[in-house]
Novice: 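Quick one: structure below, then a few questions.
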Amino acid sequence: GITLLADCRTPAYMSAFCTYCCRVVACGGEHTLAATATTVLAWGNNIHSQCGLGPDTITSVWRPTPVPALAGVQVSQLTAGRAHSLCVSA
């Protein structure tokens with residue numbers, strides 16, 4: 001999310017969030033999810049499609065990217081594991 005290709009072990013500013021107001025965040029083994037009022041964003045390792053970006057995107061995603069299948073869905077909870085993601089709609 002901060003456009004570094006190496007691990008970042010300290011908090012860092014993510015300019016990609018300047019246009020989003022996130023309500024919920026979940027960190028998986030190698031990917032992260034965030035939800036706004038009407039959008040779920042995902043980024044990180046997507047080798048198992050855990051970012052939910054569709055079958056054509058199975059590579060790493062370095063910037064927060066909207067999850068197409070959840071466009072317009074109000075999400076109240078997110079959770080993420082090593083190779084999966086889950087959300088609960090409001």
Side-chain angles (χ1 to χ4, degrees):
I2 56 174
T3 68
L4 294 175
L5 298 179
D7 289 342
C8 182
R9 300 188 186 278
T10 58
Y13 177 74
M14 292 180 59
S15 61
F17 278 114
C18 288
T19 58
Y20 296 105
C21 179
C22 296
R23 303 167 128 190
V24 183
V25 175
C27 298
E30 297 180 11
H31 70 293
T32 305
L33 306 169
T36 70
T38 59
T39 303
V40 175
L41 305 164
W43 67 98
N45 185 350
N46 192 44
I47 195 70
H48 301 291
S49 296
Q50 63 266 45
C51 290
L53 303 176
D56 297 331
T57 308
I58 58 167
T59 59
S60 294
V61 180
W62 298 111
R63 292 196 168 274
T65 304
V67 177
L70 297 174
V73 175
Q74 291 183 1
V75 171
S76 59
Q77 296 178 34
L78 291 169
T79 189
R82 177 157 170 74
H84 70 279
S85 301
L86 178 80
C87 72
V88 175
S89 60

Novice: Within the side chain of Gln50, is there an N or O that forms a donor-acceptor pair under 3.5 Å with the backbone of Asn45?
Specialist: yes
Novice: Can you check whether Cys51's main-chain N or O pairs, donor with acceptor, with Ser85's side chain at less than 3.5 Å?
Specialist: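 No; zero donor-acceptor contacts below 3.5 Å.
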Novice: Return the minimal non-hydrogen interatomic distance between Cys87 and Leu78, and the atom names on each side.
Specialist: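 Taking every non-hydrogen atom into account, CB-CD2, 3.6 Å.
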Novice: What is the minimum heavy-atom distance between Glu30 and Arg82, and which atoms define it?
Specialist: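 Answer, listing the atom of Glu30 first, then Arg82: OE2-NH1, 3.2 Å.
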Novice: Taking atom CZ of Arg23 and atom OG1 of Thr38, what is their separation to the nearest 0.5 Å?
Specialist: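 Here the interatomic distance stands at 9.0 Å.
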Novice: Output yes when a side-chain donor or acceptor of Ser89 lies under 3.5 Å from a complementary backbone atom of Val75, and no otherwise.
Specialist: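 Judged by distance alone, no pair lies under 3.5 Å.
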Novice: Is a donor on one side and an acceptor on the other found under 3.5 Å between the side chain of Ser49 and the backbone of Gly52?
Specialist: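 Checking the backbone N and O of Gly52 against the side chain of Ser49, no donor-acceptor pair under 3.5 Å is found.
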Novice: With Trp43 as reference, evaluate Leu33, Thr32, Leu53 under the side-chain contact (heavy atoms from CB on, under 4.5 Å) test and give the passing residue.
Specialist: Thr32
Novice: Say you draw a straight line from CG of Leu41 to OG1 of Thr65; how long is it, rounded to the nearest 0.5 Å?
Specialist: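 So the CG of Leu41 and the OG1 of Thr65 are separated by 7.5 Å.
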Novice: What's the spacing between Asn46 CG and Thr59 OG1 if we round to 0.5 Å?
Specialist: 7.0 Å
Novice: Please check if Val24 and Val73 belong to a single hydrophobic cluster, counting links between Ile, Leu, Val, Met, Phe, Trp and Tyr side chain heavy atoms closer than 4.5 Å.
Specialist: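 Yes.
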